[in-house]
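The block underneath contains the structure these notes are about, expressed in structure tokens.
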Protein chains: 2
Amino acid sequence: MPHADAPRPRPGRPPTTSRAQILAAARGLIDRDGWERLTIRKLAAEIGVGATTLYHHVQDKEDLLLLLINEYGEQVSRPRLPDEPRERVIVAAATIHDALAAWPWAAEVLTTDGFIARLGDSPLGLVEAVVAGAVDHGCTPEHAVYVFRSIWYYTVGEILVRSHTARRGQGDAVTRQGAFFGTIDAGKLPHLAALGDRWAVLAPRDTYVDGLRALVDGLLAQGARVRP
Amino acid sequence: MPHADAPRPRPGRPPTTSRAQILAAARGLIDRDGWERLTIRKLAAEIGVGATTLYHHVQDKEDLLLLLINEYGEQVSRPRLPDEPRERVIVAAATIHDALAAWPWAAEVLTTDGFIARLGDSPLGLVEAVVAGAVDHGCTPEHAVYVFRSIWYYTVGEILVRSHTARRGQGDAVTRQGAFFGTIDAGKLPHLAALGDRWAVLAPRDTYVDGLRALVDGLLAQGARVRP
DNA sequence: ACCTGAACACCGTTCAAGT
DNA sequence: ACCTGAACACCGTTCAAGT
């Protein structure tokens, strides 16, 4: 009777494709062509394998993307978090934001997916940091969850809006914007008409952290309690 | 020589399909089957016409969706806005939110689309109201644009996250959540572990307006100026 | 056990031809 | 001027058969 720990030759055809290889190839394709152009068929072709082969290593396309996100989440470097609770919330949230800004398609997938229940321990570390910061500031755990959720909404919205408007327009966004605000009804929409083309200049500005500070200040003020 | 205003018979085959008919059918299909299931082919079949016919009445699918959104935006009933500037911002933003919550796919399209430059005057009225409220509170026009953008990020994020998590899970979200927080590393993630299954209870709560108030308070505080 | 091509059930869009 | 079917260039996924 063979020892339980002894390496035993497994039966059947040996694998030529591994899950790690698939994930690496997918990352390469996303970084090269963009996430909306990633298809199972192209991914298989890139690896040099039949499209149907991939279904032996991942459940389906959604599963593949989730694996990819968790792998990415483990590689996100966590900065030293400040001791001051409010600042800790800000830095943790900004870290989540920056990680997603570099890989906006992840925000898209996480939004369409229930998300938190399927994240690994490593990316959850930043969620924990936000909740812990709120609690240390004096919030109840319940309020801390609400703080995190509100920040998450703001963060995900910023990523999605900005990544999508950055893709298009660029060249003709300003022109179109200009034409648009030219024909606007100044009687009904006086402030927008007065802003005119300045909107196009203001809109692409990176104000994420400013808005985050405003939001966190407001959220923590709502949940502050007297501490002993 | 015929009079300029006289109705003249136009040459060619008379139309059997109108843009209004297409939009109405599209609305019906979206309300019935959900926006992710709307296809050009199904829409044409619903009308009882060849799929390619639609391309004589709309440029492409994206154009169709934008027409639909502007039509919808015109039908959104605008509540009486309060005089107090801060409250006006809240009510206008909440109106945008509620309109999108009823038609979450519109939020999806608006996010993926530069959006504001392609909206009609009617839906822009609520954008104007937010900007005007901020200015009346004492913000510069530039700060008011930032106020609107921040609110927009938060609003769109909330809609997308909530509409997507509502679609899935339901039945098994709680179970999965419970299983998840059972296996969480309590050493590394103490707050999340302590929350346990309560997260699943807290997450679906509608806290949009609370978070909006926190955000608006913070944003207006940042931009407040001394007024004469 | 792993890999495969054929097939299924779809997409959005173009375009030459018909009415 | 309007409508059409055929065709193009794709999708994700299943499944029986091969190694």
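Numbered from 1 within each chain, the chains take letters A, B, ... in sequence-line order. What you see is a predicted model, and the numbers here were worked out from it, not measured in a lab.
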key: Closest to the B:T17 side chain, choosing from C:dC3, D:dC3, D:dG12   = D:dC3

request  = Identify whether any heavy atom of B:T39 sits under 4.0 Å from a base atom; if not, whether one sits that close to sugar-phosphate; answer base, sugar-phosphate or nothing.
outcome  = sugar-phosphate

ask   = According to the Watson-Crick and G-U wobble definitions, with both distances under 3.5 Å, which nucleotide is paired to C:dG18?
value = D:dC2

ask   = Looking at the side chain of B:H56, which of D:dT4, C:dC3, C:dT13 is the nearest nucleotide?
value = D:dT4

Heavy-atom side-chain contact between B:D206 and B:E158 under 4.5 Å = yes

ask   = In terms of the nearest nucleotide of DNA chain C, which residue is placed more toward the 5' end: A:T53 or A:R41?
value = A:T53

inquiry  = For a quick test of reading the model: is some side-chain N or O of A:K42 closer than 4.0 Å to OP1 or OP2 of D:dC11?
reply    = yes

key: Any A:H57 side-chain N or O less than 4.0 Å from OP1/OP2 of C:dC2   = no

query = Should the pair A:E71-A:R19 be classified as a salt bridge under the 4.0 Å nitrogen-to-oxygen rule?
reply = no

request  = Kindly say whether, by distance alone, the side chain of B:T52 makes a donor-acceptor pair under 3.5 Å with the base of D:dG5?
outcome  = yes

key: Of A:L54 and B:A51, the one whose closest DNA chain C nucleotide lies more 5'   = A:L54

ask   = Roughly how far apart, to the nearest Å, are D:dA9 and C:dC10 at atom P?
value = 22 Å

